[in-house]
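Index from 1, following the sequence. In listed order, ligands and their atoms are each counted from 1.
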Amino acid sequence: MKKTDNQALVIFGASGDLTERKLIPSVFNLFCGGFLPENYAVVGVSRSVYTDEEYRQKVVFENEHLKNKKAATPEKLKAFAELVFYQSVNTKEISAYSALKERLDQLDKQKSCANNYIFYLATPPSLYQTIAKGLADSGLNNQENGWSRLIVEKPFGYDLDSAKKLNKDLLSNFVEEQIYRIDHYLGKETVQNMFVTRFANSIFEPLWNRNYIHRIEVTAAEHVGVEKRGGYYDSSGALRDMIQNHLLQLVALVAMEPPVKSDAESIRNEKLKVFQSLRPYTESDVKKNVIRGQYSNSTVRGESVDGYREEDDVNAESKTETYVAMKFFIDNWRWAGVPFYIRTGKRMPTRVTEVVIHFKPNHHHLFAHDSTLANQQNVLVIRIQPNEGILLKFDMKIPGAGFNTEQVNMDFKYDELTNVYVPDAYERLILDCMQGDATLYARGDSTEAAWEFIDPILKAWEADQNIPVYGYPAGTWGPENADNLIEGKNMNWRYPCSNLADDGIYCEL
Ligand code: BG6
């Protein structure tokens, strides 16, 4: 195990939802797993006024997301709560940061955290620049006597220009090595396994190119709607919320060249090249190859479900997309001519994220008596969630006379690995940052490169209000038009079920 320095985690946005839902529970898991260093503290920072004790009550003892954990015995919670502190700061005022510095200095004496700090920005993005500047002005970016790291939550920018500006502002107060841009998909164990599947096995890599792969699909479907985040979501939409970050990160891992080493820079260099090779969309490409949709009210499993426009804090005439499907190409040697199809949507029939590799059919159909079998392709499904695992579809002989074939599944499921603890994405990512490992965080240049690909879509939608936003009833797989993106006889999206091995049938949750 890598050594973890003594340190403190300072969370901006300490009274927010992310802190209670993800950050505190993740640190608690690290605490229970023995991953925290000997001297450690969590310092919550926000405008609200709490004493340390009141804050502990809120985020530890009364936190629903903690209380339900098996490990959360009263003794453990009490011991963990002693690591938690609070400081009220008006983060918008640069002068307020000297008070924070004083408190951290005092805590450092008390807890011996060796002047090592992670500053986690879990606030609205409009505060990122101010917080970085406030920290820098009070010397908290200084690494002479300890280290200082900044974790920046998504969304990282609203479009290309704002992402560039954010990078520039952060880099005027911190250096790139101090900045950790989080994308929680990269913390998912199965996402990392994609890298291992490709580069630890000699059987896949020789086939992993335009000579053998017909097309690649990535689906990230959610069953939930926008929940309580209508205000944020209505000015974001699925393209910014899911595609620019999570889905393009998955594409990068599927499409990247083998890195020379497994360190942060080598891996991130290769991912950057994928983003740089994405074929830019013209306005007419956007019309043809990007489908957007919005869910409408419906009855799902006997329950009536609101349409997007009826959700709280959403404009009643909103044209924000809750679904996007798109087709694009990666213009490089490996992927020339191979279409990539990606889609994401809220209020789909089930929650599932998977990458599907469709191999080309064999060149001479010896055994195909049935014409549909002639087109049968081997398919590799990498299931990110739920029912995590890998499935390979291949042809077998049907027992009996002749050579009739049938496609069968060979699968591996993560839950078959008993006794292996699978950490939550945030837990893994926070631990990596604690140890100074940025491999699973996005680098500034690749964030901009991803925006560079997305920006023309946003611009085309803005410029031409007539580009349709198709309605789809909540609980369905999105607008039917998305099926037309995949050209070719008998070819369609894979319609996955929550159980990896069930397919070819219409599934609901
Ligand atoms: C977040 C998006 O980044 O990812 C949410 O803002 C989305 O809208 C979520 O629901 C999905 O994450 P997961 O881990 O549940 O697939």
Kindly assign one of parallel, tilted or perpendicular to the pair Y86 and Y55, based on the angle between their ring planes and the thresholds 30° and 60°.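 The arrangement is tilted - the two ring planes meet at 30° to 60°.
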
Can you name the atoms of ligand 1, numbered from 1 with element, that are less than 4.0 Å from a heavy atom of [X]?
X	value
K188	13 (P), 14 (O), 16 (O)
D241	2 (C), 5 (C), 6 (O), 8 (O)
K346	5 (C), 7 (C), 8 (O), 10 (O)
H246	1 (C), 3 (O), 4 (O)
K154	1 (C), 2 (C), 3 (O), 6 (O)

When the ring centroid of F12 is compared with that of Y120, is the distance short of 6.0 Å?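 Between Y120 and F12, which both carry aromatic rings, the centre distance is not below 6.0 Å.
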
Nearest to atom 15 (O) of ligand 1 by heavy atom, E222, H184, R351: which?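 Among E222, H184, R351, the closest heavy atom to atom 15 (O) of ligand 1 comes from R351.
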
Kindly confirm or rule out an N or O of Y232 lying under 3.5 angstrom from an N or O of ligand 1.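 Not met; the criterion fails.
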
Has ligand 1 got any nitrogen or oxygen that is less than 3.5 angstrom from a nitrogen or oxygen of T353?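 No, no N or O pair falls under 3.5 Å.
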
Among E270, E448, E265, which one satisfies salt bridge (charged side-chain N to carboxylate O under 4.0 Å, His left out) with R443?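 Answer to the salt bridge (charged side-chain N to carboxylate O under 4.0 Å, His left out) test with R443 among E270, E448, E265: E265.
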
Residues H358 and E217: side-chain donor-acceptor under 3.5 angstrom: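 Note: H358 and E217 side chains meet the donor-acceptor criterion.
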
Would you say D169 and Y128 are linked by a side-chain donor-acceptor pair, where the criterion is simply a distance under 3.5 Å?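 Absent: no donor and acceptor within the cut-off.
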
Which residue, F340, F328, F275, F329, forms the ring pair (Phe, Tyr, Trp, His ring centres under 6.0 Å) with F453?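 Single ring pair (Phe, Tyr, Trp, His ring centres under 6.0 Å) partner of F453 among F340, F328, F275, F329: F328.
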
Minimum-distance pair of heavy atoms, taken over all atoms of E189 and P423: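 Where E189 meets P423 most closely, the heavy atoms are OE1-CD, 4.0 Å.
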
For atom 16 (O) of ligand 1, find the nearest protein heavy atom and state the residue, atom name and distance (0.1 Å precision).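 Looking at atom 16 (O) of ligand 1, the protein heavy atom closest to it is Y185 OH, 2.5 Å.
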
Does Y233 reach ligand 1, in the sense of a heavy atom lying below 4.0 Å from it?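 The answer is no: ligand 1 sits nowhere under 4.0 Å from a heavy atom of Y233.
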
